[in-house]
Amino acid sequence: MIDPQLIRNDLDNVAKQLAKRGFVLDTARLSELEAKRKSVQVETEALQAERNARSKSIGKAKASGEDIAPLLAEVADMGDRLKAGEARLAEIQTVLDEMLQGVPNIPHADVPEGRDEADNVEIRRWGEATTFDFEPKDHVDLGVTLGGMDFETGSKITGSRFTVMSGAIARLHRALTQFMLDLHTGDHGYTETYVPYMVNADSLYGTGNLPKFAEDLFKLEGEQEYYLIPTAEVPVTNIVRDVIIDADEMPRKFVCHTPCFRSEAGSYGKDTRGLIRQHQFEKVELVQVVKPQASDAALESLTNCAEQVLQRLGLPYRVVILCGGDIGFSSTKTYDLEVWLPGQQKYREISSCSNFGSFQARRMQARWRNPESKKPELVHTVNGSGLAVGRTLVAVMENYQDAEGRVHLPKVLHPYMGGVTVIE
RNA sequence: GGAGAGGUGGCUGAGUGGUCGAAAGCGGCGGUCUUGAAAACCGUUGAGGGUUUGUAGCCCUCCCAGGGUUCGAAUCCCUGCCUCUCCGCCA
């Protein structure tokens, strides 16, 4: 949620900044609701104050043995008036909250103008697009030929967009996960974290997945209203929900490997081939909870940590900054890492690193105690994939293939592969 | 799944209808003393929101959550959630 103070005091400017992402803020309706809220709230609270004062005097009168009947008569109708006022306030507040919850985050000044993916701006490249003296295969052809990547069985067991892996490929998938976790804990100072894979609605609300993006989620049957996590970002960030963090415990840096479950509603027909877009995939997620003034630097650092994975694996990639029209709902600034996929002859997203500012923190009341003001203040949250494991598997297979369809594993993975250096 | 106990401020814990946002202790912060520190002593110390130019003042809300009773609820009633103990089951 964006700062409601901004809505009150700087509405036109907020609307202008949101226009960068193609979002039209209904300023007329907002200021009308806000004016109404103000008058009803002031009125209701005055009524509450009166009720409190009168009740207190009744208490005193009773204690000193006076007759309280006349006092009681005076307040006879107060209850109803109060209830009416409170109900009206709650109603306006609900409408206002619903509206504000639908407002996306204000984009960072660095975010370029643009309507969609095509307008994202490349920031830098690492490595050269891999070239071959033969026609490179994509991971599906490689995987099926090698054995160990079985899409038919996945869809038999469950349905489309599910895969069974086995043998060396399954091991490679696990090796990549271990490698990423070891890198981020060992070299980058992140704390390994294990979290629930099912979360409640409050947690999803906190990160901004609810109420707006319910159709992207798998909701479980049963009384409890639980959802499968779409990313570790949800449970990990909610570690600090309703918490006031000591200044000397900042920043908090988490790395967490989880499966992710996404319904991919609205992406029918997109990336239907192979592992690129599955309902279930593994991801190693990086999350930082930082002081507000540190979040810009934290995004750069976290992005670099994710890039390190690609560099050590020797996978060519580029970094793009998302334009206003392509940036996510909760994010103020996002870098995507796009890895080179020879099978597609394209750079494809393998990580998305975002600074959320105080947007998530405000929704989940995640705060830190500022030693200067001595008051609890909202933290900033930053996160990104480090990396999506399935897509990394795809990238390794496609970039390290030879003419015979074998996959020569990068050196950093050898210790994790139990002596296997070539998948054949 | 069965039986019982309980959820109060950073922590322990008192409070069973009125002046209670809440005793006391611990912790934290500031001070006195000290070369410095400790001890001792004194003071101070919850969160959210509204109004307002205001980190001033005033006001509202919050004692797990949501309803209810009442002029008035931490305290009474209902529902839910969570925690603990014992038994059963289980990776």
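Bear in mind that the values here come from a model prediction, so they are computed numbers and not experimental data. By convention in this document, chain letters (A, B, ...) are assigned in the order of the sequence lines, proteins followed by strands, and residues within each chain are numbered from 1.
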Pick the closest RNA chain B nucleotide for A:Ala53 and for A:Gln41 by heavy atoms, then say which residue is nearer the 5' end.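 The residue closer to the strand's 5' end, by nearest nucleotide, is A:Gln41.
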
Both A:Glu50 and A:Leu82 contact RNA chain B. Taking the nearest nucleotide for each, which residue is further toward the 5' end? A:Glu50

Rounded [atom1] spacing from [N] to [M] in Å:
{"N": "B:G88", "M": "B:U75", "atom1": "C1'", "value": "37 Å"}
{"N": "B:C62", "M": "B:G13", "atom1": "P", "value": "25 Å"}
{"N": "B:A24", "M": "B:C41", "atom1": "P", "value": "15 Å"}
{"N": "B:G10", "M": "B:U85", "atom1": "P", "value": "25 Å"}
{"N": "B:C89", "M": "B:A5", "atom1": "C1'", "value": "22 Å"}
{"N": "B:C20", "M": "B:U61", "atom1": "C1'", "value": "15 Å"}
{"N": "B:U55", "M": "B:G66", "atom1": "C1'", "value": "34 Å"}
{"N": "B:A47", "M": "B:G21", "atom1": "C1'", "value": "10 Å"}

Report the distance from atom [atom1] of [X] to atom [atom2] of [N], rounded to the nearest whole Å.
{"X": "A:Glu45", "N": "B:C60", "atom1": "CD", "atom2": "C1'", "answer": "4 Å"}
{"X": "A:Asp97", "N": "B:G48", "atom1": "CG", "atom2": "C1'", "answer": "14 Å"}
{"X": "A:Gln365", "N": "B:A47", "atom1": "CD", "atom2": "C1'", "answer": "9 Å"}
{"X": "A:Met78", "N": "B:U69", "atom1": "CE", "atom2": "P", "answer": "16 Å"}
{"X": "A:Asp248", "N": "B:G10", "atom1": "CG", "atom2": "P", "answer": "17 Å"}
{"X": "A:Lys38", "N": "B:G49", "atom1": "NZ", "atom2": "C1'", "answer": "14 Å"}
{"X": "A:Glu377", "N": "B:G46", "atom1": "CD", "atom2": "P", "answer": "17 Å"}
{"X": "A:Asp246", "N": "B:G28", "atom1": "CG", "atom2": "P", "answer": "12 Å"}

In the structure I gave you, are the side-chain heavy atoms of A:Gln288 and A:Asn383 within less than 4.5 Å of one another anywhere?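 No, side chains not in contact.
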
Pairwise side-chain contact, A:Asp150 with A:Thr163, heavy-atom cut-off 4.5 Å (strictly under): no

Counterpart base for [N], defined by Watson-Crick or G-U wobble contacts under 3.5 Å:
{"N": "B:G1", "answer": "B:C87"}
{"N": "B:G36", "answer": "none"}
{"N": "B:G21", "answer": "none"}
{"N": "B:A74", "answer": "none"}
{"N": "B:G9", "answer": "none"}
{"N": "B:U69", "answer": "none"}
{"N": "B:G43", "answer": "B:C29"}
{"N": "B:C63", "answer": "none"}

Counting only side-chain heavy atoms from C-beta out, which of [options] sits nearest to [X]?
{"X": "A:Lys83", "options": "B:U69, B:C60, B:A47", "answer": "B:U69"}
{"X": "A:Arg369", "options": "B:C29, B:C59, B:A47", "answer": "B:A47"}
{"X": "A:Asn52", "options": "B:A47, B:G50, B:C60", "answer": "B:C60"}
{"X": "A:Val42", "options": "B:C59, B:U61, B:G50", "answer": "B:G50"}
{"X": "A:Arg8", "options": "B:C60, B:G50, B:U52", "answer": "B:G50"}
{"X": "A:Gln48", "options": "B:A47, B:U61, B:U51", "answer": "B:U61"}

Regarding A:Glu225, tell me which of base, sugar-phosphate or nothing describes its non-hydrogen contacts under 4.0 Å with the strands shown.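 No contact.
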
In terms of side-chain geometry, is the basic nitrogen of [X] or [Y] positioned less than 4.0 Å from the acidic oxygen of its partner?
{"X": "A:Arg273", "Y": "A:Asp138", "value": "yes"}
{"X": "A:Arg8", "Y": "A:Glu34", "value": "yes"}
{"X": "A:Arg348", "Y": "A:Asp271", "value": "yes"}
{"X": "A:Glu282", "Y": "A:Arg174", "value": "no"}
{"X": "A:Arg312", "Y": "A:Asp187", "value": "yes"}
{"X": "A:Glu113", "Y": "A:Lys20", "value": "no"}
{"X": "A:Glu43", "Y": "A:Arg88", "value": "yes"}

Test applied, side chain to side chain donor-acceptor pair (under 3.5 Å); reference residue, A:Asp296; option that passes from A:Lys333, A:His380, A:His108: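 Filter result, single survivor: A:His108.
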
Look at A:Gln5 and B:G50 and indicate whether a side-chain polar atom (N or O) is within less than 4.0 Å of OP1 or OP2.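 Checking A:Gln5 against B:G50: at least one side-chain N or O falls below 4.0 Å of OP1 or OP2.
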
Distances for protein N or O near nucleotides 18-22 of chain B N or O, under 3.5 Å:
{"residue": "B:G18", "atom": "O6", "partner": "A:Lys62", "partner atom": "NZ", "Å": "3.2"}
{"residue": "B:G18", "atom": "N2", "partner": "A:Ser55", "partner atom": "O", "Å": "2.8"}

With a 3.5 Å cut-off and sequence neighbours excluded, list the donor-acceptor pairs that the side chains of residues 385-392 of chain A form with protein atoms.
{"residue": "A:Ser385", "atom": "OG", "partner": "A:Ser352", "partner atom": "N", "Å": "3.2"}
{"residue": "A:Arg391", "atom": "NE", "partner": "A:Ile276", "partner atom": "O", "Å": "3.0"}
{"residue": "A:Arg391", "atom": "NH1", "partner": "A:Glu349", "partner atom": "O", "Å": "2.9"}
{"residue": "A:Arg391", "atom": "NH2", "partner": "A:Ile276", "partner atom": "O", "Å": "3.0"}
{"residue": "A:Thr392", "atom": "OG1", "partner": "A:Ala388", "partner atom": "O", "Å": "2.6"}

Donor-acceptor pair, side chain of A:Asp336 and main chain of A:Glu338, under 3.5 angstrom: no

Each nucleotide N or O in nucleotides 80-82 of chain B that has a protein N or O under 3.5 Å away: list the pair and distance.
none

